[in-house]
There are 2 protein chains.
Amino acid sequence: MFERYFQHFNETVPLTAAEQEFIKSYLTVKKLRKRQYLLQEGDVCNCVAFVEKGVMRLYRLGDDGAENIIVFATDGYFITDLYSFITNEPSGYHIDAVEDSELVIITRSASDELRKLSAKYQEFIFLKTSEAYIQLERRITSVISLSLEDRYKELLTNFPDIIHRVPQHMIASYMGLTPETLSRVRKRITIQN
Amino acid sequence: MFERYFQHFNETVPLTAAEQEFIKSYLTVKKLRKRQYLLQEGDVCNCVAFVEKGVMRLYRLGDDGAENIIVFATDGYFITDLYSFITNEPSGYHIDAVEDSELVIITRSASDELRKLSAKYQEFIFLKTSEAYIQLERRITSVISLSLEDRYKELLTNFPDIIHRVPQHMIASYMGLTPETLSRVRKRITIQN
DNA sequence: GAAAACTCTTGATCTAAATCAATAATTCTT
DNA sequence: AAGAATTATTGATTTAGATCAAGAGTTTTC
């Protein structure tokens with residue numbers, strides 16, 4: 001149930017068996033069917049989810065009703081609305097399952113308590129938050145400085161599994177494009193090679 | 001010298017006078033003239049800088065030699081290449097001063113040591129990293145879902161001082177636009193109101 | 001297993017932003 | 001103070017991406 005989570009944890013900050021059991025006591029498991037919500041706009045985000053298996057997305061609804069996808073999370077990644085989680089303010093985003101998914105959940109209260117009790121947990125989430133920041137910074141860099149072709153190629157190399165597990169129109173949304181344009185970008189790339 | 005830094009720190013995590021003196025012993029001050037580098041591409045980023053006064057920017061050079069500005073930092077903000085800082089890998093970015101600036105510097109070694117010795121420092125940088133993440137996520141959201149007009153208006157409300165202290169062509173770079181297009185966006189906005 | 005819903009591609013047209021080019025205003029330099 | 005560099009605006013043209021529209025292939029669903 002927690003295999004990937006602790007594999008991930010141990011790769012970042014090594015744990016003893018006892019420490020692992022202690023941390024495990026603060027975690028719960030949640031299974032979501034495709035299209036089920038983890039968070040809906042207006043609710044306060046009270047947890048951070050680690051994707052053991054599956055694909056999740058965080059998105060907002062535009063004025064015209066279009067889904068603007070901000071973040072994907074596949075196996076081994078975290079997902080939450082950090083703003084709402086930290087401030088306790090209602091979220092402006094939705095989080096739902098793109099495919100049937102298995103999540104390891106830690107609530108805010110559990111996380112706050114655990115941070116005080118475990119220096120290793122504290123270190124773990126600090127490093128994970130830093131990594132998440134770096135990833136977003138990379139994405140900003142590619143959005144403002146690369147061509148569509150190069151942005152798509154970058155996605156392919158950085159997150160090959162996302163590309164293959166998520167419908168193309170969601171990738172288009174994630175890149176801020178229409179599905180038609182993404183289809184043409186892909187065509188241009190395959191013709192070139 | 002450290003006024004703003006500790007003002008900021010105390011607003012986030014309150015410190016006693018003794019704690020403040022202790023943390024201060026890990027910090028140094030650096031003054032940069034306009035256009036001076038804090039970090040150059042290829043160097044390892046060995047510090048995090050807090051802007052006491054001034055404006056800094058982080059950018060990369062595109063293949064065509066264009067400057068792609070990823071982040072600005074004015075008074076009260078931090079700037080670093082977090083990837084290089086954490087991994088010790090050479091940076092792909094430049095950081096320089098947009099105007100004469102006064103920085104509070106903490107080196108990697110000082111930061112690592114201080115994190116172990118001060119739970120409050122640990123908490124401070126955790127919260128600051130989280131805030132930085134949230135800011136980038138907001139920016140991604142606006143890039144993929146808003147019109148240029150709305151993106152510029154958002155910048156105006158979120159960072160009014162940046163707009164007024166930084167040349168417009170740098171704002172254009174930061175938004176991933178040409179200076180001409182930004183000039184026209186601004187014109188459209190002023191005509192509307 | 002047929003109908004409905006979703007997914008992707010392709011074409012034609014329109015529109016917004018980039019590019020090219022010129023000019024004026026401002027600020028550095030020496 | 002004069003010349004050079006930087007900065008911002010505006011116009012004309014080109015180009016990349018959005019929009020509108022249709023169709024074919026897949027997957028869901030009942």
Side-chain angles (χ1 to χ4, degrees), chain A residues 32-36 54-55 57 59 62-69 72 96-100 142-153 155-156 162-193, chain B residues 32-36 54-55 57 59 61-69 72 96-101 142-153 155-156 162-193:
Chain A
L32 287 185
R33 283 277 168 75
K34 184 171 172 174
R35 302 226 132 247
Q36 263 191 280
V55 182
R57 62 172 180 162
Y59 63 100
D63 302 328
D64 53 352
E67 292 171 350
N68 304 124
I69 300 176
F72 284 113
D96 71 7
V98 177
E99 55 180 56
D100 293 358
S142 76
V143 167
I144 70 165
S145 63
L146 297 185
S147 67
L148 291 189
E149 275 89 336
D150 289 343
R151 283 173 61 195
Y152 185 75
K153 285 179 191 163
L155 247 190
L156 267 177
I162 287 183
I163 303 280
H164 297 110
R165 289 165 72 180
V166 165
Q168 251 183 87
H169 68 269
M170 289 192 188
I171 305 290
S173 164
Y174 178 77
M175 293 178 71
L177 306 178
T178 61
E180 294 95 325
T181 297
L182 180 58
S183 174
R184 284 168 182 132
V185 167
R186 280 164 48 86
K187 196 180 176 187
R188 271 182 264 162
I189 290 174
T190 50
I191 287 169
Q192 276 171 15
N193 305 332
Chain B
L32 288 186
R33 282 278 168 74
K34 185 172 173 173
R35 302 226 132 245
Q36 261 191 284
V55 182
R57 62 172 179 162
Y59 63 99
L61 292 179
D63 303 330
D64 54 351
E67 292 172 350
N68 305 123
I69 300 175
F72 284 112
D96 70 8
V98 176
E99 55 182 54
D100 294 358
S101 299
S142 76
V143 168
I144 70 165
S145 64
L146 297 184
S147 68
L148 292 189
E149 273 90 339
D150 288 344
R151 284 173 61 197
Y152 185 76
K153 284 179 191 163
L155 247 187
L156 267 177
I162 287 183
I163 303 278
H164 297 112
R165 288 164 72 178
V166 164
Q168 248 183 85
H169 68 270
M170 290 193 188
I171 304 289
S173 164
Y174 177 78
M175 293 179 71
L177 305 178
T178 60
E180 294 96 326
T181 296
L182 180 58
S183 173
R184 284 168 183 133
V185 167
R186 281 164 46 87
K187 197 180 177 187
R188 270 182 265 161
I189 290 174
T190 49
I191 286 169
Q192 274 170 20
N193 306 334

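Chain letters run A, B, ... following the sequence lines, proteins first and then strands; every chain starts at 1.
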>> side-chain contact (heavy atoms from CB on, under 4.5 Å) for Arg186(A) and Leu182(A)? Distances and angles first, verdict last.
In response: CA-CA 6 Å; Arg186(A) 280 164 48 86; Leu182(A) 180 58; 4.2 Å; yes
>> The criterion is side-chain contact (heavy atoms from CB on, under 4.5 Å); which residues satisfy it with Ser145(A), sequence neighbours excluded?
In response: Thr141(A), Arg60(B), Asn68(B)
>> Please enumerate all residues that pass side-chain contact (heavy atoms from CB on, under 4.5 Å) together with Val166(A), with sequence neighbours excluded.
In response: Val55(A), Phe72(A), Val98(A), Ile162(A), Met170(A), Ile171(A)
> What does the inter-axis angle of the helix from dG1(C)-dC30(D) to dT30(C)-dA1(D) come out as, five pairs per end, nearest 10 degrees?
Replying inline: 60°
>> Which residues pass the side chain to side chain donor-acceptor pair (under 3.5 Å) test with Gln36(B), not counting sequence neighbours?
In response: none
> Taking only residues two or more places apart in sequence, or in another chain, which ones meet Arg165(B) in a side chain to side chain donor-acceptor pair (under 3.5 Å)?
Replying inline: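 Side chain to side chain donor-acceptor pair (under 3.5 Å) list for Arg165(B), sorted by chain: Asp75(B), Glu99(B).
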> When you list every nucleotide of DNA chain C with an atom under 4.0 Å from a heavy atom of chain B, which one comes first 5' to 3', and which comes last?
Replying inline: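 Endpoints of the contacted stretch of DNA chain C: dA17(C) to dA21(C).
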>> I'd like the 5' and 3' limits of the part of DNA chain D contacted by chain B, with heavy-atom contacts below 4.0 Å.
In response: dT7(D) to dA12(D)
[X] and [Y]: which non-hydrogen atoms are nearest, and at how many Å?
| X | Y | result |
| --- | --- | --- |
| Ala97(A) | Arg33(A) | CB-O, 3.6 Å |
| Gly54(B) | Ser101(B) | CA-OG, 3.4 Å |
| Tyr152(B) | Met175(B) | N-CE, 3.8 Å |
| Ser173(B) | Ile69(B) | OG-N, 2.9 Å |

>> Both Glu180(B) and Lys34(B) contact DNA chain C. Which one's nearest nucleotide lies toward the 5' end?
In response: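 Residue closer to the 5' terminus by nearest nucleotide: Glu180(B).
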>> Just to verify, what does Glu180(B) make a salt bridge (charged side-chain N to carboxylate O under 4.0 Å, His left out) with, not counting sequence neighbours?
In response: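 So Glu180(B) forms no salt bridge (charged side-chain N to carboxylate O under 4.0 Å, His left out) with any residue.
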> Residues in salt bridge (charged side-chain N to carboxylate O under 4.0 Å, His left out) with Arg184(B), at least two apart?
Replying inline: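 In terms of salt bridge (charged side-chain N to carboxylate O under 4.0 Å, His left out), with neighbours along the sequence ignored, Arg184(B) is linked to no residue.
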> Is the closest side-chain heavy-atom distance between Asp96(A) and Arg57(A) below 4.5 Å?
Replying inline: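 With C-beta onward as the side chain, the pair touches.
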> Among residues 163-179 of chain B, which residues get a heavy atom nearer than 4.0 Å to DNA chain C?
Replying inline: Gly176(B), Leu177(B), Thr178(B)
